[in-house]
There are 2 protein chains.
Amino acid sequence: MENLTGDTHGSEGALLDRVRHLVLSGRFPPGAPVSEVLLAQEFEVSRTPIRETLKQLQHEGLVEIRPKVGTFVREPTRREIVELFQLKECLEGMAAGLLARRGPVPELEILERNVEESDKAAASQDAARYAELVHEFHRTLILGADNSKLVEHYDRLMNQLAYHRLVLRTAEHPGRITTSTGEHRAVLAMIRAKDHFGAEAAMRNHVYASSRELLTDARTAAEHTLS
Amino acid sequence: MENLTGDTHGSEGALLDRVRHLVLSGRFPPGAPVSEVLLAQEFEVSRTPIRETLKQLQHEGLVEIRPKVGTFVREPTRREIVELFQLKECLEGMAAGLLARRGPVPELEILERNVEESDKAAASQDAARYAELVHEFHRTLILGADNSKLVEHYDRLMNQLAYHRLVLRTAEHPGRITTSTGEHRAVLAMIRAKDHFGAEAAMRNHVYASSRELLTDARTAAEHTLS
DNA sequence: CTACGGTTTGATGTATGCAAGAAACGATGG
DNA sequence: CCATCGTTTCTTGCATACATCAAACCGTAG
């Protein structure tokens with residue numbers, strides 16, 4: 001589950017990943033300032049590489065840099081989250097379509113095994129394992145599209161969604177587990193049938209359903225917090 | 001035609017845009033080294049802001065930074081270009097669909113006027129004006145989707161496509177002019193009819209056709225260069 | 001009590017100096 | 001003549017010092 005984005009550019013990206021992980025860990029509440037000197041002390045480096053890292057994170061949408069003022073943890077608005085899910089739907093639908101066109105590729109077998117494992121995890125009510133498998137399914141699908149630029153944009157998108165904070169809650173819905181696996185199977189069936197059009201539609205439908213679930217969940221969770 | 005991306009973050013982005021413009025101007029051939037000190041002298045600033053700028057451009061895919069070696073103008077491979085056009089098709093199709101759902105919005109009138117102007121430009125064989133209008137059409141469509149994250153990803157995508165180098169050649173095909181406008185009209189008709197499904201399909205078709213044209217053009221251009 | 005202006009403070013933005021490493025160059029041995 | 005190894009040189013990578021600016025603070029006047 002470590003290294004979600006998969007971008008380890010040698011030794012440089014290590015710092016970026018560490019800072020990103022720190023920001024996403026919830027140690028900084030949304031809107032909190034992220035001081036350059038504090039991070040520099042934390043990671044025992046100078047401000048210069050920290051600055052570059054923060055610029056990257058700003059580009060990823062994780063933090064907001066107000067010039068001459070400071071860097072702050074960015075809390076995405078509900079609207080932005082909806083927008084990001086629309087994009088997710090678009091990109092993952094595209095991936096499903098492309099994968100369907102490719103024919104029999106090794107990624108298909110990985111996806112097959114994934115749904116099998118998902119069934120086992122669902123049967124044993126292993127929410128953590130199930131969430132991991134869901135993540136793996138989506139990422140394998142993206143990788144299977146064989147489009148490196150799609151992967152790049154998808155990674156950026158998922159970073160913007162602050163993956164850790166949002167998506168992992170899906171597994172907390174026991175009812176959602178079977179539904180999700182069923183939708184995964186539907187997508188796979190379309191891909192196997194080389195129906196790229198149907199595969200795209202099925203994937204879009206799945207992403208849309210998941211996002212709706214997450215969004216209503218977030219709303220009720222927020223209401224619970226308020227009450 | 002300046003400021004293609006529209007991202008002028010106060011005074012900071014100015015340098016970024018200038019460096020990007022310089023890199024895209026063809027003054028550096030693909031693969032050429034982009035020295036930090038040279039850029040620093042060119043823009044009369046220190047190496048520090050130049051470094052940050054180059055990191056951004058690397059993130060945009062315009063340059064490649066080899067650690068401890070240098071920064072080099074990145075020549076996208078043909079495959080990458082194809083991948084980017086696939087993404088373009090996906091994103092612009094999504095935008096057309098979203099715009100169709102929105103109903104009557106001011107962007108629609110802008111698009112209407114755009115095709116009118118395009119006809120005029122085509123009639124007078126004003127290739128430059130036509131190219132400008134084509135660009136404006138696509139960007140208005142993206143903006144009309146009312147999805148800020150889509151705009152961000154689209155801008156990044158267009159930067160990666162090294163817009164100046166590739167797309168502006170479209171207008172050099174006299175035959176393509178009318179075809180393109182016709183496809184624009186088809187998309188607009190679907191949007192007016194609130195057929196978001198058809199709008200997306202029409203837009204995808206248009207982007208695909210344009211990309212095919214550009215890619216074959218690039219191939220023949222390369223062959224001409226070689227002969 | 002409130003509004004306003006000067007000051008202080010703390011942050012970022014930039015410039016510069018030094019260290020480290022990779023590629024190019026040349027000398028040397030075969 | 002060619003391969004190889006040491007050296008040189010140019011680059012980036014990082015650390016530090018200074019400049020700059022925004023926001024908070026406080027004292028004062030109304």
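Chain letters run A, B, ... following the sequence lines, proteins first and then strands; every chain starts at 1.
Sorted by first then second residue, the ring-ring contact (aromatic ring centres under 6.0 Å, His included) pairs that include residues 56-76 of chain B, not counting sequence neighbours, are A:H59-B:H59.
Listed by chain and residue number, A:R204, B:R204 satisfy the salt bridge (Lys or Arg N to Asp or Glu O under 4.0 Å) test with B:E200 (two or more places apart in sequence, or in another chain). Residues satisfying the side chain to side chain contact (heavy atoms under 4.5 Å, CB included) criterion with A:L188, sequence neighbours excluded, are A:L108, A:L111, A:E112, A:V115, A:F137, A:R192. Applying the salt bridge (Lys or Arg N to Asp or Glu O under 4.0 Å) test to B:R129 and every residue at least two apart in sequence or in another chain returns B:E117, B:E132. Every residue two or more places apart in sequence or in another chain that forms a side chain to side chain contact (heavy atoms under 4.5 Å, CB included) with B:A100 is listed here: B:I191, B:H196, B:A199. Applying the salt bridge (Lys or Arg N to Asp or Glu O under 4.0 Å) test to A:E64 and every residue at least two apart in sequence or in another chain returns nothing.
Look at NZ on B:K55: it is 7 Å from P on D:dG13, rounded to the nearest Å. Nucleotide C:dG13 holds its P atom 9 Å from the CD atom of A:Q58, rounded to whole Å. Put simply, CD1 on B:I50 is 9 Å from P on C:dA15, counting in whole angstrom units. The distance from atom CZ of B:R51 to atom P of C:dG13 is 17 Å, rounded to the nearest whole Å. Put simply, CD on B:E52 is 15 Å from P on D:dT12, counting in whole angstrom units. Computed from coordinates, the B:F72 CZ to C:dA22 P distance equals 13 Å when rounded to whole Å.
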N/O donor to acceptor pairs below 3.5 angstrom from side-chain atoms of residues 37-45 of chain B, sequence neighbours left out:
from, atom 1, to, atom 2, distance (Å)
B:E42, OE1, B:R27, NH2, 3.2

*Could you write nucleotides 15-25 of chain D as a row of B, S and -, 5' to 3', where a protein heavy atom under 4.0 Å of any base atom gives B, of only sugar-phosphate atoms gives S, and otherwise -?*
BBB--BSSS--
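Residues of residues 35-43 of chain A having a heavy atom closer than 4.0 Å to DNA chain C, listed by number: A:S35, A:E36.
A donor-acceptor contact closer than 3.5 angstrom is absent between the side chains of B:Q86 and B:Y208.
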